[in-house]
Amino acid sequence: MNTTVTVLGAGYVGLTTASLFASSGIKTFLVEPNESRLKSIKNGRSFFFEQGIDPVIQHGLESKNLIPTDSYAESVPESDFIFSCVGTPDRPDGSSNLDFVFSAAKSTIEHMKPSAIYVQKSTVPVGTGEKIIELFRENDHSAEYVSNPEFLREGTALLDTLWFDRVVVGGDNKESAQKVLDLYKHLETKRESISKLADIKTGEENGEYISTSLASAELIKVTSNAFLAMKISFANSIAKVADATGADINEVMYAVGSDKRIGRQFLNAGRGYGGGCFPKDVSGLISSSLENGVDLDIMQAVQDVNDSMPSYIIEKIRAKFNGNLNSKKIAILGLSFKSGTSDVRKSPGIKIANLLSKEEVEISAYDPQAMSEAAEDLDKSITLHESLESTIEGADVVIFTTNWPEFISYPTDKIASLAPNSTIVDAMNSLDSSEVRQHGLAYLGVGKS
Ligand code: UDX
């Protein structure tokens with residue numbers, strides 16, 4: 001495709017977007033200021049673990065379509081599209097910190113050609129696009145602005161982008177929005193070959209292309225994540241009722257989710273959601289709604305339930321030991337915020353480990369991909385191990401905080417011989433409780449009394 005794209009920011013979204021566009025034959029600059037990240041990408045390697053992404057980066061580099069750089073001056077002037085994929089971390093008060101969003105837009109203005117289209121992929125509160133358009137006009141720039149929210153999940157980033165449910169574009173200029181859609185339509189024509197290259201599974205159905213107003217597109221992104229977070233907190237609330245009444249939350253949610261109006265996904269009760277999106281998108285939506293005079297107390301409840309889950313699980317463990325955890329050996333399996341990624345942002349596993357470290361207990365922990373990332377956030381009293389076996393050896397309690405395949409498929413008889421008579425805490429409700437009990441181990445799930 002004869003067009004040039006610049007992607008600003010090589011995070012999960014930026015690196016995925018840039019490497020896929022480049023692999024589909026589009027000349028794509030990827031601007032990343034962080035030296036070590038840039039070096040890793042130039043060597044054909046992602047700086048985070050994501051299934052299939054390295055071969056796609058390498059293909060982009062070999063074809064010379066992917067051009068990693070730290071320079072706006074090298075990339076932006078010849079680009080028809082500039083995709084802003086910079087981070088929007090949360091502030092201590094829960095609102096979104098938009099410093100990177102505005103500084104990326106400011107740095108772009110002086111280099112961008114008048115006909116360029118500025119595409120916002122970073123998650124921003126509704127109303128941000130108008131402010132950036134104002135910034136462009138103040139600087140006498142005629143660039144068009146299109147909001148193009150991102151829906152990929154870490155761990156399945158390539159699959160989600162190639163076999164999307166929907167691509168949303170929002171903006172006042174329909175022609176510009178259509179041009180952005182055309183990039184994705186081009187990518188869609190290459191998805192079979194890119195999936196082969198990445199060695200990832202392919203999807204089944206074709207997604208939808210949706211064009212909306214600018215404000216709607218901005219609100220769609222946070223609303224999607226808020227709704228999914230609400231499903232999880234709802235399932236976790238009902239899990240507490242199941243614990244109190246003898247019901248099994250997995251049975252409940254399986255049957256509830258079989259109603260097509262509800263659906264089964266994101267009703268898996270457990271230790272709550274973490275990651276770089278749900279926690280900050282929920283707090284960001286609460287905060288930006290308040291700024292617009294709307295008290296979104298439903299989302300406050302979602303956040304409160306989520307915050308309560310790690311200590312809820314710890315109290316269940318304490319009750320199992322008659323209220324006393326002193327001198328117990330506790331093994332934590334899983335430190336990333338979910339399986340399939342090395343990302344530890346707002347990781348429930350780390351939260352549980354750090355809460356437990358305040359007790360008189362001995363904690364060992366392990367993750368197949370996130371050890372160095374987790375080390376910084378974990379309390380220094382926690383011992384990191386190099387294998388699942390050494391982590392659980394001699395443990396009184398083994399907590400499965402993520403459902404990494406190597407954890408949940410690990411033979412129960414081996415757990416029983418390494419940690420005899422231990423209590424298995426299934427914080428993601430992914431194990432077979434009767435199989436655990438058959439091996440003489442105690443089982444604690446969430447909502448599976
Ligand atoms: C999420 C959205 O799914 C994605 O569309 C958006 O672009 C970015 O935010 P991600 O953060 O990568 O993606 O992870 P996701 O798979 O959604 O999981 C988020 C958290 O919820 C994880 O901690 C996960 O373990 C937890 N979760 C998910 C549950 O506790 N129960 C569930 O049923 C599903």
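Numbering of ligands and ligand atoms starts at 1, following listing order.
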I need the nearest protein heavy-atom contact for [atom]: residue, atom name and distance, please.
atom	result
atom 29 (C) of ligand 1	Ile232 CD1, 3.6 Å
atom 18 (O) of ligand 1	Lys338 CD, 4.0 Å
atom 13 (O) of ligand 1	Arg153 CG, 3.5 Å
atom 9 (O) of ligand 1	Cys277 CB, 3.0 Å
atom 7 (O) of ligand 1	Leu152 O, 2.7 Å
atom 1 (C) of ligand 1	Phe278 CE1, 3.4 Å
atom 31 (N) of ligand 1	Asn268 O, 3.0 Å
atom 34 (C) of ligand 1	Phe266 CD2, 3.4 Å

Please determine whether any non-hydrogen atom of Gly270 lies less than 4.0 Å from an atom of ligand 1.
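Gly270 does not count as a contact of ligand 1 under the 4.0 Å cut-off.
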Could you report the tightest heavy-atom contact between Tyr443 and Asp426, atom names first, then the distance?
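What the structure gives for the nearest pair is OH-OD2, 2.6 Å.
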For Ser211 versus Ala177, what's the shortest heavy-atom pair and its separation?
OG-CB, 4.2 Å
From the options Phe151, Phe337, Tyr12, select the one whose nearest heavy atom is closest to atom 22 (C) of ligand 1.
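Closest candidate by heavy-atom distance is Phe337.
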In this structure, which one of Trp163, Tyr209, Phe21, Phe81 forms a ring-ring contact (aromatic ring centres under 6.0 Å, His included) with Tyr184?
Phe21
What's the verdict on side-chain contact (heavy atoms from CB on, under 4.5 Å) for Asn268 and Met253, showing C-alpha distance, side-chain angles and the deciding distance?
CA-CA 8 Å; Asn268 186 7; Met253 285 312 179; over 6 Å; no
Within reach of ligand 1, part of Asp160 (heavy-atom separation under 4.0 Å)
neither
Determine whether the side chain, the backbone, both or neither of Lys231 has a heavy atom under 4.0 Å from any heavy atom of ligand 1.
neither
Which atoms from ligand 1 have a heavy atom of [X] less than 4.0 Å away?
X	result
Lys221	6 (C), 7 (O)
Glu154	12 (O)
Asn225	2 (C), 4 (C), 5 (O), 6 (C), 8 (C), 9 (O)

For Phe234 and Phe227, what are the C-alpha separation, side-chain angles and deciding distance, and is it a ring-ring contact (aromatic ring centres under 6.0 Å, His included)?
CA-CA 10 Å; Phe234 183 78; Phe227 191 80; over 10 Å; no
Tell me, yes or no, whether the heavy-atom count around [X] atom [atom1], taken from other residues, nucleotides or ligands under 6.0 Å, exceeds 12.
X	atom1	value
Asn292	CG	yes
Arg45	CZ	no
Lys329	NZ	no

[X] N/O to ligand 1 N/O under 3.5 Å:
X	value
Pro348	no
Gly276	no
Tyr273	no

Taking the side chain as every heavy atom from C-beta outward, state whether Ile194 and Leu187 have any pair of such atoms under 4.5 Å apart.
yes
Between Arg318 and Glu359, does at least one N-O distance fall below 4.0 Å, as a salt bridge requires?
yes
So which of Phe151, Tyr273, Phe278 actually passes side chain to side chain contact (heavy atoms under 4.5 Å, CB included) with Asn225?
Phe278
